[in-house]
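Input: a single structure, listed below in structure tokens.
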Amino acid sequence: LALARQQPRVAAAHFGAAAAEDPAGPFVALALGRRIEALHAAGEAGEARVAGEDYLRRWPEGAHAAIARRVTGQGGDEHRWVGEANAEER
């Protein structure tokens with residue numbers, strides 16, 4: 001909700017907390033991917049880059065890999081839909 005309400009810094013904190021709460025859980029990739037989006041929306045380029053690098057190490061073909069590549073300066077598949085998850089993220 002925070003991201004939808006134009007509060008990306010709040011959303012980033014919530015996504016980070018959700019991932020930290022259950023780091024091996026089934027939704028950690030989703031939470032960390034959404035955190036990248038929120039950090040990017042908040043203008044936190046440095047934090048978004050670090051988060052993107054971490055995401056790409058863990059899920060190089062994950063649902064949020066395109067945004068992770070963009071924020072890390074690696075380009076990205078601009079046409080991949082963010083909601084499309086691979087089997088590792090489920």
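These numbers were taken from a predicted model, which means no experiment stands behind them.
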For the atom pair [atom1] ([X]) and [atom2] ([Y]), what is the distance rounded to the nearest 0.5 Å?
X: Asp54; Y: Ile36; atom1: CG; atom2: CD1; result: 8.0 Å
X: Glu21; Y: His14; atom1: CD; atom2: NE2; result: 12.5 Å
X: His64; Y: Leu56; atom1: NE2; atom2: CG; result: 12.0 Å
X: Ile67; Y: Tyr55; atom1: CD1; atom2: OH; result: 11.0 Å

Sidechain-backbone polar pair: Arg69 side chain, Gly52 backbone, donor-acceptor under 3.5 Å
no
Just one of Val28, Leu30, Asp22 clears the side chain to side chain contact (heavy atoms under 4.5 Å, CB included) bar with Pro26, so which one?
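Exactly one pass, corresponding to Asp22.
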Considering non-hydrogen atoms only, spot the tightest contact between [X] and [Y] and give its length.
X: Val71; Y: His40; value: CG1-ND1, 3.7 Å
X: Ala51; Y: Leu39; value: CB-CD1, 4.1 Å
X: Ala38; Y: Ala12; value: CB-N, 3.6 Å

Do Glu47 and Arg35 have side chains that get closer than 4.5 Å, going by heavy atoms?
yes
